[in-house]
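Below is one structure, written out as structure tokens; the observations come after it.
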Amino acid sequence: MDANYQGLFYSIEKSIEKKKQLFEVSKLGYGARAMLATLFLTLGTAIAVITAQYAEKAIPGSGKFLYSFMFSWSLVMIIYMNAELGTSNMMYTTVAVHRKYLTVKNALILLFTCLLFNFIGGIISSYLVSLTSIFQDLPADHFLFKAIEGKLAKTPLQIFTEGIFANIIVNTAVFSTIRMKDDAGKVIAMIFIIFIFAFLGFEHLIANFSSFPLAYFAAAGAVTGMNVYTVGMNFLLTGLGNFVGGGLVIGLTYSWLNRRSHVYQD
């Protein structure tokens, strides 16, 4: 790449180098950053579902709007607190392999580690949040439970397809904010882009790592349709869809588009 080029893929390559170094220097530190990502997602999910429940009671039909807006702040926290999110790393690791910064084996190890600690962080954070007073004795028709029941009722094709679109949107938000210099602009862009996938109810693996256990713990396991099979299939199909959307459609496509030209660079 031209040494004077300071655009999108220069920033992405620098981020890949930082992630690679962090992982090599301290896998525990890398895992901690991955757990922080689901901590922020759990907090974002918690305020989103509680706000949605109050809004729905006050103005029927408004709950989903408030949920989507409040949930969008999760990515703001993740980006600004330098946490490691598995779904954006699907894009980063794919670009890293395509541009020969990582071997396929090392990219898979890094991505798997991120996803594993995202999952662990989601379980721990969700359990602790479920112990707080506001999550005690939630009604059976609470926004949180209805949202999870809806996810569990989707067909495999719906889950996979929505997983593709969810991670296209998430990584579009990541790409957009990399291009921006102003923090206010970055925050506004993240909120309104993430709002798209949240409002449309698309499937995001790491968000589900937080919302599923939060619903389980808050309902003491009594969520309609929730069992090991349905949750496992959701995670599997959502993860595959997320990889296609973030890793292939966004990561690989844009890496390929920027592979040679020194005139037209993103």
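Here the structure is a predicted model, which means the values were calculated and not measured. Just the heavy atoms: all of them, side chains too, but no hydrogens, waters or symmetry mates, feed the values below.
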Is the positively charged end of [X] above the ring of [Y], judged by distance under 6.0 angstrom from the centroid and angle within 45° of the axis?
| X | Y | result |
| --- | --- | --- |
| Lys151 | Phe212 | no |
| Lys64 | Phe199 | yes |
| Lys19 | Phe23 | no |

Pair His204, Thr87 - check side chain to side chain donor-acceptor pair (under 3.5 Å), show working. CA-CA 8 Å; His204 183 270; Thr87 43; 2.8 Å; yes

Working to the nearest 0.5 Å, report the span between [atom1] of [X] and [atom2] of [Y].
| X | Y | atom1 | atom2 | value |
| --- | --- | --- | --- | --- |
| Ser72 | Phe197 | OG | CZ | 8.0 Å |
| Thr38 | Leu43 | OG1 | CG | 10.0 Å |
| Thr172 | Met190 | OG1 | CE | 13.5 Å |
| Ile123 | Ile120 | CD1 | CD1 | 9.0 Å |
| Leu22 | Asn82 | CG | CG | 10.0 Å |
| Met233 | Leu152 | CE | CG | 12.0 Å |

Are [X] and [Y] side-chain neighbours, meaning at least one heavy-atom pair lies under 4.5 Å?
| X | Y | value |
| --- | --- | --- |
| Glu84 | Phe117 | no |
| Val49 | Phe135 | yes |
| Glu17 | Gln21 | no |
| Ile206 | Leu115 | yes |
| Phe165 | Ile196 | no |
| Val97 | Thr93 | no |
| Tyr54 | Leu66 | no |

Quick one: do Tyr101 and Val95 satisfy side chain to side chain contact (heavy atoms under 4.5 Å, CB included)? Show the steps, please. CA-CA 8 Å; Tyr101 281 87; Val95 172; over 6 Å; no

For Thr45 versus Ser211, what's the shortest heavy-atom pair and its separation?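 Thr45 and Ser211 have their closest heavy atoms at CG2-CB, 4.0 Å.
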
Over all heavy atoms of both residues, which pair between Gly29 and Ser26 is shortest? Give the atoms and the distance, please.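 Smallest interatomic distance, heavy atoms only, reads N-OG, 2.8 Å.
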
Pair Tyr67 and Phe143, ring centroids less than 6.0 Å apart: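 Close enough - the centres of the two rings lie under 6.0 Å apart.
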
Per the side-chain contact (heavy atoms from CB on, under 4.5 Å) rule, which among Ser210, Ser125, Ser126 passes with Leu39?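 The side-chain contact (heavy atoms from CB on, under 4.5 Å) with Leu39 is passed solely by Ser125 among Ser210, Ser125, Ser126.
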
Determine whether Ile59 and Phe65 fall in the same hydrophobic cluster, where Ile, Leu, Val, Met, Phe, Trp and Tyr are linked whenever their side-chain heavy atoms lie under 4.5 Å apart.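 No.
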
If hydrophobic clusters are built by linking Ile, Leu, Val, Met, Phe, Trp and Tyr wherever their side-chain heavy atoms come under 4.5 Å apart, do Phe40 and Tyr80 end up in the same one?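 Yes: a chain of side-chain contacts under 4.5 Å links Phe40 to Tyr80.
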
When you measure from the side chain of Asn258 to the backbone of Tyr254, do you find a donor-acceptor pair of N or O atoms at a distance under 3.5 Å?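 It does hold such a pair.
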
Residue pairs passing the side chain to side chain donor-acceptor pair (under 3.5 Å) test where at least one lies in residues 128-144, sequence neighbours excluded: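 Found none.
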
List the steps and the verdict of side chain to side chain contact (heavy atoms under 4.5 Å, CB included) for Leu75 and Leu85. CA-CA 9 Å; Leu75 187 64; Leu85 184 67; 4.1 Å; yes

Tell me, with the steps shown, if Phe195 and Phe71 meet side chain to side chain contact (heavy atoms under 4.5 Å, CB included). CA-CA 8 Å; Phe195 183 95; Phe71 176 81; over 6 Å; no

